[in-house]
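First up is the structure itself, then whatever we jot down about it.
Counting begins at 1 with the first residue of the sequence. Scope of the values below: all heavy atoms of this structure, side chains included, with no hydrogens, waters or symmetry mates.
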Amino acid sequence: MQDSTSEDMNLPEIIEKSISNPEDICRIAFQFQQIMMIYESAIKQIETKLDILNKENKVNGRRNPIETVKTRIKTPQSIVGKLEKKHLPFNFESMTQNLNDIAGIRVICPYISDIYKVRDILFKQPDITLIEEKDYIKEPKESGYRSLHLVVEVPVYLSETTHNVKVEIQLRTIAMDFWASLEHELHYKTSTKVPESVRRELFRVAETIAMTDREMEEIAIELQQMD
């Protein structure tokens, strides 16, 4: 869910390529604002579902499977950069049809089992449709990155129209999020190429964190059985 910014082409240059009449700038800006509002509304719908789950667990005296929820909408520069990277046209149709992560939600859970619990609860909602699922917990990336990635579609109802909107949901444990945040800093906030020795060390740390996740869950289960 991390954003990247294109250095080769900025938003004003894209606008110049997209329009032939400067008077169209206001129209394009208004359309972009409308689209972003729809994506924000889709995020709010899923946020509300997660908040209701939190409150239900609290009222019933159950342990909460969600630690925190973070949301973001991609910036115009990030959207342009991703379209450029994929060699896709720079227009609204291309943006909404080809980019699944314009709207993003990151759900941080205490334990690995909580990730799949939240996933299953979301999919019981009749208005959430699964588009894509990538399980980097069961099959981590080469770097050691772990997370459950979902692309879902939710309907956004406006006064006269309905829009089916894609939202990317990432579910991680606290430990997975800690590792991913530091790994992102190393890759995107430094100007030098990360040496192979550092990559190996990152992978080793990821494996250690994964083992810690499993051990902490085993301890939690053991304590629950003692209650």
Side-chain angles (χ1 to χ4, degrees), residues 1-6 9-55 66 68-108 115 118-134 147-172 177:
M1 202 168 70
Q2 308 289 2
D3 285 352
S4 60
T5 303
S6 171
M9 193 175 293
N10 56 37
L11 192 61
E13 290 173 333
I14 296 302
I15 291 175
E16 287 178 9
K17 290 176 177 292
S18 301
I19 60 176
S20 57
N21 186 347
E23 294 179 358
D24 289 340
I25 291 178
C26 289
R27 175 182 56 80
I28 290 175
F30 179 67
Q31 287 177 342
F32 184 79
Q33 189 177 37
Q34 283 185 312
I35 291 171
M36 290 300 101
M37 180 272 292
I38 292 171
Y39 276 109
E40 288 170 1
S41 300
I43 282 180
K44 284 185 178 180
Q45 286 199 57
I46 297 177
E47 265 192 300
T48 299
K49 294 176 186 296
L50 296 171
D51 185 52
I52 290 171
L53 172 62
N54 282 344
K55 290 178 179 176
I66 298 173
T68 57
V69 176
K70 304 174 184 178
T71 67
R72 70 101 180 92
I73 296 286
K74 273 190 176 296
T75 64
Q77 290 81 3
S78 182
I79 291 171
V80 166
K82 196 149 191 181
L83 288 173
E84 183 181 26
K85 186 177 179 180
K86 291 176 174 285
H87 305 291
L88 293 169
F90 296 107
N91 56 56
F92 293 140
E93 182 180 4
S94 174
M95 179 182 87
T96 56
Q97 293 298 317
N98 296 301
L99 301 187
N100 294 336
D101 60 346
I102 294 176
I105 297 179
R106 184 175 300 150
V107 183
I108 313 300
I115 290 173
V118 173
R119 171 199 179 278
D120 292 343
I121 291 171
L122 284 175
F123 290 162
K124 288 179 182 177
Q125 305 280 338
D127 56 347
I128 291 184
T129 302
L130 176 64
I131 302 298
E132 183 179 85
E133 179 172 1
K134 293 182 180 179
S147 185
L148 179 64
H149 288 204
L150 309 172
V151 176
V152 302
E153 197 171 68
V154 293
V156 173
Y157 300 98
L158 302 183
S159 58
E160 297 180 358
T161 57
T162 301
H163 302 269
N164 292 316
V165 183
K166 294 175 185 175
V167 179
E168 182 189 61
I169 305 175
Q170 295 180 359
L171 296 107
R172 303 173 179 173
D177 190 57

Exercise. Pairs in or reaching into residues 155-166: which pass side chain to side chain donor-acceptor pair (under 3.5 Å), with residues at least two apart or in two chains?
Worked result: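 Sorted pair list: N100-K166, T161-H163.
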
For this session: Taking only Lys NZ, Arg NE, NH1 and NH2, and the carboxylate oxygens of Asp or Glu, determine whether D51 and K55 approach each other closer than 4.0 Å.
Result: yes

Exercise. Just how far is it from atom CD of E132 to atom CG of D101, taken to the nearest 0.5 Å?
Worked result: 10.0 Å

Does a side-chain heavy-atom distance below 4.5 Å link [X] with [Y]?
X    : Y    : answer
L171 : V118 : yes
R119 : L150 : yes
V69  : I108 : no
L83  : L99  : yes

Please list, one pair per line, the donor and acceptor atoms closer than 3.5 Å that link side chains of residues 32-47 to other protein atoms, with sequence neighbours excluded.
residue, atom, partner, partner atom, Å
S41, OG, M37, O, 2.8
Q45, NE2, P155, O, 2.6

What are the two closest non-hydrogen atoms of [X] and [Y], and how far apart are they?
X    : Y    : value
V152 : I131 : C-CG1, 4.1 Å
F123 : E133 : CE1-OE1, 4.5 Å
P89  : S94  : O-OG, 2.9 Å
S147 : R172 : OG-CG, 3.1 Å

For this session: Check salt bridge (Lys or Arg N to Asp or Glu O under 4.0 Å) between K49 and all other residues, then give those that pass, not counting sequence neighbours.
Result: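 For K49 the salt bridge (Lys or Arg N to Asp or Glu O under 4.0 Å) partners, ignoring immediate neighbours, are D127.
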
